Amino acid sequence: MKHTKADNVDGWLIIDKPQGMTSTQVVGKTRYLLHANKNGHTGTLDPFATGVLPIAFGEATKLVPYVTDGKKEYEFVVKWGEQTSTDDIEGEVVATSDKIPNHAEIVAAIPHFIGKIKQIPPIYSAIKINGQQAYKLARKGQNVDMPEREIEIYALELLDEYADSAKFRVECSKGTYVRTLGHDLAIFLGTVGHLTELRRTKCGNFSLEHKILLDSLEKIEYVDKRRKSLLPMETSLRDIAEIAVSAEDAIKLSHGQGLSPKNYANFPQGSTLKAMFDDCLIALVRIDEHKISPIRVFQNNNKKEI
């Protein structure tokens with residue numbers, strides 16, 4: 001089947017982002033490959049980073065906050081003894097140290113970085129300062145005063161050690177800069193350091209088991225077959241309880257109308273639920289004593305007629 005114009009396409013594509021590409025470039029490439037009207041990513045990965053980059057298509061873009069607000073997991077390698085301007089391999093070396101921490105020192109340092117901690121994000125980041133992205137100001141040579149923020153590290157594990165570097169796994173909250181974590185860890189250990197590898201292994205409910213390589217997607221000859229790589233919209237909502245609604249109630253929700261809770265009495269007050277009809281996501285709803293109210297309504301182009 002030939003496609004001469006972009007179509008309405010809904011769902012998730014979990015790209016294993018290759019090194020050297022920006023997240024925006026991946027969005028553009030996948031939109032072209034699926035001939036889709038609308039898509040977007042769920043949080044920038046640095047160009048040198050690889051791994052899980054969920055791309056939302058069509059109505060799934062309404063669910064992006066539910067993915068960006070979720071936990072993230074990364075594997076990263078810190079090279080000891082060299083600090084760079086960007087805290088990764090893309091910057092210039094700005095400081096050096098002869099100190100290479102040993103195994104016992106690294107293991108002893110890890111507990112200090114678990115829990116709620118403070119970070120000062122890198123100046124080479126997309127955070128906006130007075131309306132402009134910090135990295136653009138930094139490249140102009142302007143002084144950038146980055147505000148401190150609180151993030152949470154749920155787990156930090158030493159995976160491997162090499163002659164002058166170490167590999168870690170971290171599970172963290174949104175807003176965590178792993179480059180900064182590597183930098184701060186090195187400083188705590190009495191040395192300096194920068195990231196030489198960064199790979200995101202989980203993002204919200206998505207992990208590497210859901211991934212597809214861009215090269216693999218390109219090799220699929222027909223657009224319709226490429227679209228079979230899409231995951232359903234509700235895949236990003238596995239942690240949210242499901243409520244099966246009738247055809248009549250599905251129509252009401254589709255029109256933004258609320259429902260009576262009397263037929264759906266088994267759910268706790270104040271909870272957010274995904275309303276499903278015939279295996280299709282109709283809406284995200286909030287249930288209280290008097291009403292079931294839609295908070296996100298989906299015009300799913302792939303669903304059957306109600």
Side-chain angles (χ1 to χ4, degrees), residues 1 3 5-14 27 30-31 34-43 52-72 174 202-207 209-210 212 223-306:
M1 179 179 176
H3 291 263
K5 64 177 183 177
D7 299 321
N8 294 323
V9 180
D10 302 318
W12 291 97
L13 195 63
I14 314 305
V27 167
T30 54
R31 186 187 302 135
L34 269 65
H35 288 205
N37 272 332
K38 181 181 180 182
N39 70 344
H41 64 73
T42 56
V52 175
L53 182 64
I55 308 292
F57 284 80
E59 291 290 281
T61 57
K62 296 177 180 178
L63 296 170
V64 164
Y66 292 89
V67 178
T68 56
D69 288 350
K71 293 179 181 179
K72 314 291 190 301
K174 73 170 185 176
K202 288 184 181 178
C203 182
N205 282 326
F206 298 116
S207 65
E209 68 180 276
H210 303 109
I212 184 169
V223 173
D224 289 343
K225 289 187 176 179
R226 289 177 196 150
R227 290 178 182 171
K228 289 182 179 179
S229 301
L230 287 166
L231 300 175
M233 291 195 295
E234 60 270 20
T235 311
S236 61
L237 303 171
R238 285 199 303 262
D239 297 337
I240 296 179
E242 176 181 323
I243 180 172
V245 298
S246 65
E248 180 182 357
D249 285 348
I251 292 171
K252 288 180 181 179
L253 289 173
S254 294
H255 293 154
Q257 300 173 18
L259 307 178
S260 168
K262 66 180 180 180
N263 296 326
Y264 307 99
N266 296 325
F267 295 93
Q269 304 296 314
S271 57
T272 298
L273 309 166
K274 51 179 185 274
M276 306 286 293
F277 172 75
D278 200 20
D279 294 328
C280 288
L281 179 64
I282 304 299
L284 282 177
V285 299
R286 182 168 292 276
I287 187 167
D288 60 35
E289 185 179 352
H290 305 291
K291 197 174 186 180
I292 297 176
S293 305
I295 54 178
R296 284 281 190 282
V297 175
F298 303 96
Q299 305 303 320
N300 190 339
N301 299 291
N302 305 323
K303 71 186 177 189
K304 303 169 187 175
E305 292 297 323
I306 298 172

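Note that the structure is predicted; figures quoted are calculated from it, not measured. Side chains included, hydrogens not; waters and symmetry mates left out as well; all remaining heavy atoms used.
G11 and A60 get closest at one heavy-atom pair: O-CB, 3.4 Å. Taking all atoms of both residues into account, the shortest heavy-atom contact from A275 to V285 is CB-CG1, 4.2 Å. Nearest heavy-atom pair, H210 versus I14, reported as atom, atom and distance to 0.1 Å: O-CB, 3.6 Å. Nearest heavy atoms, L231 versus T235: CB-OG1, 3.7 Å. Across all non-hydrogen atoms, the minimal contact from P232 to W12 is O-CD1, 3.5 Å. Of all heavy-atom pairs spanning C203 and V52, the tightest one is CB-CG1, 4.0 Å.
For the atom pair OG of S260 and NZ of K262, the computed distance is 5.0 Å after rounding to the nearest 0.5 Å. Rounded to the nearest 0.5 Å, atoms CD1 (I55) and CD1 (I212) are 12.5 Å apart. Taking CZ from R227 and CG from L230, the interatomic distance works out to 8.5 Å, rounded to the nearest 0.5 Å. The CG atom of L281 lies 10.0 Å from the CG atom of D10; values are rounded to the nearest 0.5 Å. Between the CD atom in E59 and the CZ atom in R296 there is a gap of 11.0 Å [rounded to 0.5 Å]. Separation of atoms CD (Q257) and CD1 (I292) is listed at 13.5 Å; rounding is to 0.5 Å.
Two residues are said to be in side-chain contact when any heavy atoms from C-beta on lie closer than 4.5 Å; K274 and I282 fail this criterion. Counting heavy atoms from C-beta outward, L284 and V297 have side chains that stay 4.5 Å or more apart. By the 4.5 Å heavy-atom criterion applied to side chains, V67 and N205 are not counted as neighbours. Inter-residue side-chain proximity for L13 and N39 is flagged as unmet; no heavy-atom pair is nearer than 4.5 Å. Between D249 and Y264 the shortest side-chain heavy-atom distance falls below 4.5 Å. Side-chain contact between I240 and Y66: present, with at least one pair of heavy atoms (C-beta onward) separated by less than 4.5 Å. Residues L259 and K291 have side chains not in contact (no heavy-atom distance under 4.5 Å, counting atoms from C-beta outward). Inter-residue side-chain proximity for I243 and M276 is flagged as unmet; no heavy-atom pair is nearer than 4.5 Å.
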Inset, instruction - Decide side-chain contact (heavy atoms from CB on, under 4.5 Å) for L34 and R226; before the verdict, give the C-alpha distance in whole Å, the side-chain angles of both, and the deciding distance to 0.1 Å. - result: CA-CA 6 Å; L34 269 65; R226 289 177 196 150; 4.1 Å; yes
Inset, instruction - Could you walk me through whether K174 and K72 pass side-chain contact (heavy atoms from CB on, under 4.5 Å), step by step? - result: CA-CA 7 Å; K174 73 170 185 176; K72 314 291 190 301; 3.9 Å; yes
Inset, instruction - Would you check, one step at a time, whether the test side-chain hydrogen bond (donor to acceptor under 3.5 Å, both in side chains) holds for R286 with T272? - result: CA-CA 5 Å; R286 182 168 292 276; T272 298; 2.9 Å; yes
Inset, instruction - Could you go through the side-chain contact (heavy atoms from CB on, under 4.5 Å) check for T42 and F206 one step at a time? - result: CA-CA 11 Å; T42 56; F206 298 116; over 6 Å; no
Inset, instruction - Check step by step if side-chain contact (heavy atoms from CB on, under 4.5 Å) holds for F277 and I251. - result: CA-CA 10 Å; F277 172 75; I251 292 171; over 6 Å; no
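Under a 3.5 Å cut-off, the side chain of D288 and the backbone N or O of H290 do form a donor-acceptor pair. At least one donor-acceptor pair under 3.5 Å links the side chain of H41 to the backbone N or O of G43.
For the ring-ring contact (aromatic ring centres under 6.0 Å, His included) test, no residue two or more places apart in sequence or in another chain qualifies with F57.
For K62, the NZ atom is densely surrounded, since the number of other residues' heavy atoms within 6.0 Å is greater than 12.
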